[in-house]
Amino acid sequence: MTREHQGGTRGLAAARKGFWSGLRFTSLRLRLVLVFGLVALTAAVSASGIAYWLNREAVLTRTQDAVLRDFEQEMQNRAGALPEHPTQDEVQHTAGQMANSSQRFSVLLVAENADGTAVYGSSGGLGGFALSDVPESLRTAVNKEQKVTSANKHPYHLYWQRITDDGSPYLVAGTKVIGGGPTGYMLKSLEPEAKDLNSLAWSLGIATALALLGSALLAQALATTVLKPVHRLGVAARRLGEGKLDTRLRVSGTDELADLSRTFNSAAENLEKRVADMAGREQASRRFVADMSHELRTPLTALTAVTEVLEEELEYAGEGDGEGGSFDPMVEPAVRLVVSETRRLNDLVENLMEVTRFDAGTARLVLDDVDVADQITACIDARAWLDAVDLEAERGVHARLDPRRLDVILANLIGNALKHGGSPVRVSVARADDEIVIRVRDNGPGIPEDVLPHVFDRFYKASASRPRSEGSGLGLSIALENAHIHGGEITAENAPEGGAVFTLRLPQDPSPPADEDGGADEETADQGKDAKGQV
């Protein structure tokens with residue numbers, strides 16, 4: 001198959017798919033077509049039915065009146081001229097003459113001869129029209145003598161009836177010659193009229209089908225015209241939902257759809273202004289935090305140097321050899337408080353700068369081939385947690401990760417488990433498909449159910465009665481951001497047998513790859529910081 005043929009096949013398949021998706025049962029287009037079709041079908045069937053009924057009655061009445069009038073005339077002229085007691089030959093001859101009239105119907109005459117015997121004359125001979133072909137009710141009505149009154153001037157009348165014999169319609173009529181004479185019956189086939197009416201019915205059916213088809217095409221055209229603005233509105237709404245806030249609709253006309261388009265444009269404009277205002281405020285807030293953090297680093301550097309000197313003095317004074325200086329017992333608690341709070345403030349500033357980088361989108365990965373077990377061991381050893389942590393990880397599980405950011409994640413998860421859950425903390429490493437799964441489980445009571453959804457929120461602390469603690473409330477959120485930048489995830493849950501479990505999932509090879517050429521961003525200068533500050 002050539003490439004052009006394949007492209008044509010795909011195009012045809014796409015066109016079919018688009019057509020059927022446009023006519024799915026729940027679509028407005030299909031409903032419009034169905035409504036138009038039902039209305040057109042109802043109107044066409046009603047009109048055709050009325051037209052057929054009116055034409056049928058007109059055709060049958062016209063034929064019937066002409067036949068009955070001719071039959072009545074023949075009965076008066078020919079049957080009335082027969083003697084009171086005619087012979088068989090006279091009756092037969094007269095019936096043949098009557099059948100040769102312009103309407104060409106069959107005739108049966110019944111009379112009495114001089115002996116009082118009934119004689120019959122049929123225009124069709126012995127095998128033609130017979131008395132048994134006439135309904136009993138019609139014969140009774142014809143032979144019944146009625147009382148002559150001012151309203152009824154004749155004792156006998158002409159009666160007729162439509163019958164069906166072997167699926168063919170017939171008109172049968174009968175009357176008696178007034179003043180004494182034979183009784184005559186007439187049989188007229190209505191087959192030509194039935195064929196004409198069948199042709200009319202077929203014509204009306206074809207007209208109804210064409211009307212239905214035309215209404216469907218008209219409905220399709222009208223639906224396209226009506227739904228095109230709705231389709232444009234749907235596309236614009238999707239673009240707006242994708243974040244393209246400058247999306248606007250072209251407005252033309254003064255109908256309801258035009259008003260809807262104007263309303264959409266007004267709403268989109270207001271939304272764009274509000275989002276721009278919120279983005280500006282958020283950017284200003286991020287800039288303020290970043291600037292504040294940078295401005296605080298200079299005095300914090302000096303304060304850190306001073307607190308290090310004070311801490312050394314405290315250690316020297318605590319040796320108690322009598323040769324060094326000593327702190328006044330009233331001053332020593334204050335010095336220790338300054339040292340701890342300065343260290344805490346320094347950690348908070350570093351954490352704020354890290355959060356600012358994530359929010360600004362400037363955080364980058366510096367990937368390297370990492371043995372996960374060695375990395376976890378190094379993290380635990382650097383913080384002197386070897387006695388409190390049980391590591392279950394085999395060597396040789398490698399992944400391309402950012403070692404510094406992995407260390408930050410592990411330090412936060414393990415440190416949080418030690419602080420809030422208690423030792424021993426169990427850390428396990430497993431490989432699942434193309435992922436590295438690291439689980440950190442503590443030996444504590446677990447995380448309250450109302451706290452679980454918020455453990456990764458910034459500045460969130462489970463105990464509202466103790467808003468001030470050693471942590472800043474940013475550690476787990478920073479760990480989560482570092483997992484996200486790797487393309488991974490961190491989840492928290494409670495183990496059935498007790499204790500909290502944090503599960504870290506990281507891809508073995510993050511995609512798309514981040515900067516690997518050593519061109520790290522401005523945060524590289526902070527890599528020498530003590531990792532304990534991230535906990």
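We number each residue from 1, following the sequence as shown. Side chains are part of it too, since the values below use all heavy atoms of this structure and drop only hydrogens, waters and symmetry mates. Please read these numbers as outputs of a predicted model, since none were measured by experiment.
- One N or O on the side chain of Q375 and one on the backbone of P403 form a donor-acceptor pair closer than 3.5 Å.
- Scanning all heavy atoms of the two residues, the minimum distance from A373 to L391 falls at O-CD2, 4.2 Å.
- In this structure the side chain of L506 reaches within 4.5 angstrom of the side chain of L406, judged on heavy atoms.
- Evaluation of the side-chain contact (heavy atoms from CB on, under 4.5 Å) rule for E57 yields W53, T61 as partners, not counting sequence neighbours.
- Taking L233 as the reference, L249, L260, F264 meet the side-chain contact (heavy atoms from CB on, under 4.5 Å) condition, with sequence neighbours excluded.
- For H454, the ring pair (Phe, Tyr, Trp, His ring centres under 6.0 Å) criterion is met by Y460, not counting sequence neighbours.
- The shortest side-chain heavy-atom distance between Q508 and I436 falls under the 4.5 Å cut-off.
- Taking the side chain as every heavy atom from C-beta outward, V501 and N494 never approach each other to under 4.5 Å.
- Screening residues 369-380 for salt bridge (Lys or Arg N to Asp or Glu O under 4.0 Å) gives D374-R395 as the qualifying pairs, with residues at least two apart or on separate chains.
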(request) Let me see the working for V427 and D390 under side chain to side chain contact (heavy atoms under 4.5 Å, CB included), right down to the final yes or no. (result) CA-CA 6 Å; V427 181; D390 294 336; over 6 Å; no
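- When atom types are taken as modelled, the side chain of D402 and the backbone of R404 share a donor-acceptor pair closer than 3.5 angstrom.
- The heavy-atom pair separating R431 from G396 by the smallest distance is NH2-O, 4.0 Å.
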In residues 442-451, what donor-acceptor pairs under 3.5 Å come from side-chain atoms, sequence neighbours left out?
residue : atom : partner : partner atom : Å
D442    : OD1  : G444    : N            : 3.1
D442    : OD1  : A500    : N            : 2.9

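- Taking NE2 of H486 as the reference point, atom CG of L504 lies at 9.0 Å (rounded to 0.5 Å).
- Applying the salt bridge (Lys or Arg N to Asp or Glu O under 4.0 Å) rule to pairs touching residues 491-508 yields E435-R505, R441-E497, sequence neighbours excluded.
- Listed by chain and residue number, L303, T304, T307, V338 satisfy the side-chain contact (heavy atoms from CB on, under 4.5 Å) test with T342 (two or more places apart in sequence, or in another chain).
- Applying the salt bridge (charged side-chain N to carboxylate O under 4.0 Å, His left out) test to R250 and every residue at least two apart in sequence or in another chain returns nothing.
- The closest donor-acceptor contact from the side chain of N412 to the backbone of V408 lies under 3.5 Å.
- At least one donor-acceptor pair under 3.5 Å links the side chain of N55 to the backbone N or O of A51.
- Counting heavy atoms of neighbouring residues, nucleotides and ligands inside a 6.0 Å radius, atom CG of N198 exceeds 12 of them.
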Residues 42-49 side chain polar contacts: donor-acceptor under 3.5 Å, at least two apart:
residue : atom : partner : partner atom : Å
T42     : OG1  : L38     : O            : 2.8
S46     : OG   : T42     : O            : 2.7
S48     : OG   : A44     : O            : 2.8
S48     : OG   : T208    : OG1          : 2.9

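- Contact between L401 and P507 at its shortest, heavy atoms only, is CD2-O, 3.8 Å.
- A heavy-atom distance below 4.5 Å is not found between the side chains of V366 and R364.
- Under the rule for a side-chain contact (heavy atoms from CB on, under 4.5 Å), the partners of A194 that lie at least two apart in sequence or sit in another chain are P169.
- Taking 4.5 Å as the limit, every side-chain heavy atom of N416 sits out of range of all side-chain heavy atoms of V455.
- Legend: salt bridge (Lys or Arg N to Asp or Glu O under 4.0 Å) pairs involving residues 257-273, not counting sequence neighbours, sorted by first then second residue: R248-E272, D259-R262, E269-K273.
- Distance check: I409 CD1 to I478 CD1 gives 11.0 Å after rounding to the nearest 0.5 Å.
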(message) Under the criterion side chain to side chain contact (heavy atoms under 4.5 Å, CB included), I'd like the reasoning laid out for L365 against R400: C-alpha separation, chi angles, the key distance, then a yes or no.
(response) CA-CA 10 Å; L365 292 176; R400 288 190 58 76; over 6 Å; no
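- Residues L413 and L476 meet the side-chain proximity criterion, which asks for heavy atoms closer than 4.5 Å.
- For N270, the CG atom sits in a packed shell: over 12 heavy atoms of surrounding residues, nucleotides or ligands are nearer than 6.0 Å.
- Applying the salt bridge (Lys or Arg N to Asp or Glu O under 4.0 Å) test to every pair with at least one member in residues 475-487, sequence neighbours left out, gives these pairs: R458-E481.
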